[in-house]
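For ligands, and for the atoms within them, numbers begin at 1 and follow the listed sequence. The structure presented is a predicted model; accordingly, all values stated were derived computationally and were not measured.
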Amino acid sequence: MNIQTARRTKPLMPGFGVEIFDVDIATADQRTLADVVSTFHRHGAIVLRGQTLDQPAQLAFTRLFGEPEDNARKEYCDPAYPQIYVISNKTVNGKPIGDPAAGLGWHTDNSYSKLPALCTMLHALDVPPEGSDTLLSDLCAVWDALPAERQRALDGLVLHHSYVALAEKKKQPLTDELRANYPDVFHPLVRRHPTDGRKALWVSTGTVRGVVGMPNPEGVDLINELVAFATQEQFIYRHKWQVGDVLIWDNRCTLHRGTPFDTVNHIRHVHRTWVRGDAPV
Ligand SMILES: [Fe+2]
């Protein structure tokens, strides 16, 4: 029997994402895990609930998708496992142990790099009763929903991405080392998925300075218009977190953001890993 048909799954929403049941990542055999990875590459996002992964186990699982990527902001990395980025509002001895407010605006991860993150994996260790949802936009559905004439006008445009622009907007520390490590980069607005060639409207905010060859505010206005189009309700999957969830999304064809929660009375604690990607085409 084909193992893919034997596995119990459910779409996260019509045509996008898959929840995979009955897999315990920490103890699953290689064939099962290969099936999980293959499902990810075809569906934009996967969810596996009820997982218990310590840092080495999460890194081992991450390596099945590719090379774990480093993080720009070292202050929030797990000291023993620097490729694990800690998202948390917990403090220990008065010091924050993680990034208390990661990713509240619509974006795609690591788009300020030449090789943006292929995928992002979040593993929830502690979740508040409300809020801190993760929203994913299906950028292939977004592209398909554009009229053919608009697709022709947009295909071929190039966006100017900048770590410096992002850090300045978010008032994050900007060292000479960060400037040197993250020079401005240029990526296509329309991106082809390497698995099957499907196209995505690969727009973003935060890191984007504008559109190459288009003066601002025209370029920025176009980006804002496209982001508003791409983040309409019909394109969005909203992940409601439970402790033990593993959510992995494909940055090559999605846009995402978090939502706020009551950080005074509740704790969110998440381990994030990134996988190094290819140059967007
Ligand atoms: Fe993000």
Side-chain angles (χ1 to χ4, degrees), residues 12 16-17 40 44-47 58 62 65-66 68-78 82-89 96 98-125 127-128 131-139 142 159 161-172 178 181-182 185 187 191 200-208 223 227 230-231 235-241 245-261 263 268-277 280:
L12 296 180
F16 177 78
F40 159 79
I46 56 171
V47 171
Q58 183 170 346
T62 302
F65 297 80
E69 180 62 282
D70 293 331
N71 294 281
R73 304 193 68 189
K74 308 296 182 205
E75 68 271 33
Y76 295 137
C77 294
D78 185 307
Q83 285 160 329
I84 293 199
Y85 190 78
V86 180
I87 299 169
S88 181
N89 58 319
D99 186 345
L104 292 176
W106 285 106
H107 66 286
T108 175
D109 280 340
N110 206 14
S111 55
Y112 46 77
S113 287
K114 263 196 181 147
L115 306 176
L118 184 156
C119 66
T120 300
M121 181 186 301
L122 299 186
H123 179 38
L125 307 174
V127 300
S132 90
D133 301 341
T134 297
L135 275 51
L136 300 176
S137 166
D138 173 5
L139 294 181
V142 170
L159 300 191
H161 291 265
S162 165
Y163 182 83
V164 173
L166 176 70
E168 285 173 354
K169 279 180 211 167
K170 295 180 82 174
K171 299 189 167 51
Q172 288 172 358
L178 281 169
N181 287 346
Y182 297 101
V185 294
H187 294 310
R191 183 170 185 179
L201 184 74
W202 208 56
V203 70
S204 191
T205 68
T207 64
V208 182
I223 290 158
V227 170
T231 54
F235 302 125
I236 305 299
Y237 164 67
R238 176 183 289 265
H239 188 72
K240 293 273 188 191
W241 286 96
D245 284 359
V246 169
L247 168 65
I248 309 168
W249 64 81
D250 189 333
N251 285 301
R252 300 168 296 188
C253 56
T254 58
L255 204 59
H256 66 275
R257 59 162 293 178
T259 64
F261 68 99
T263 55
R268 180 186 191 217
H269 190 125
V270 169
H271 282 165
R272 182 188 80 190
T273 46
W274 277 345
V275 170
R276 187 164 305 160

* Just wondering, do Leu125 and His271 contact through their side chains at under 4.5 Å, heavy atoms? -> yes
* Taking C-beta and beyond as the side chain, do Tyr163 and Asn181 meet within less than 4.5 Å on heavy atoms? -> no
* Parallel, tilted or perpendicular: which describes the rings of Trp202 and His161, with under 30° parallel and over 60° perpendicular? -> tilted
* Asked: Has the side chain of Thr120 got a donor or acceptor atom that lies under 3.5 Å from a matching backbone atom of Trp274?
  -> no
* Could you tell me whether a side-chain N or O of Asn89 sits under 3.5 Å from a main-chain N or O of Thr263, the two making a donor and an acceptor? => yes
* Quick one: name the protein N/O/S atoms under 2.8 Å from the Fe ion (ligand 1), chain by chain. => His107 NE2, Asp109 OD1, His256 NE2
* For residues Asn71 and Tyr76, is any side-chain donor paired with an opposing acceptor at under 3.5 Å? -> no
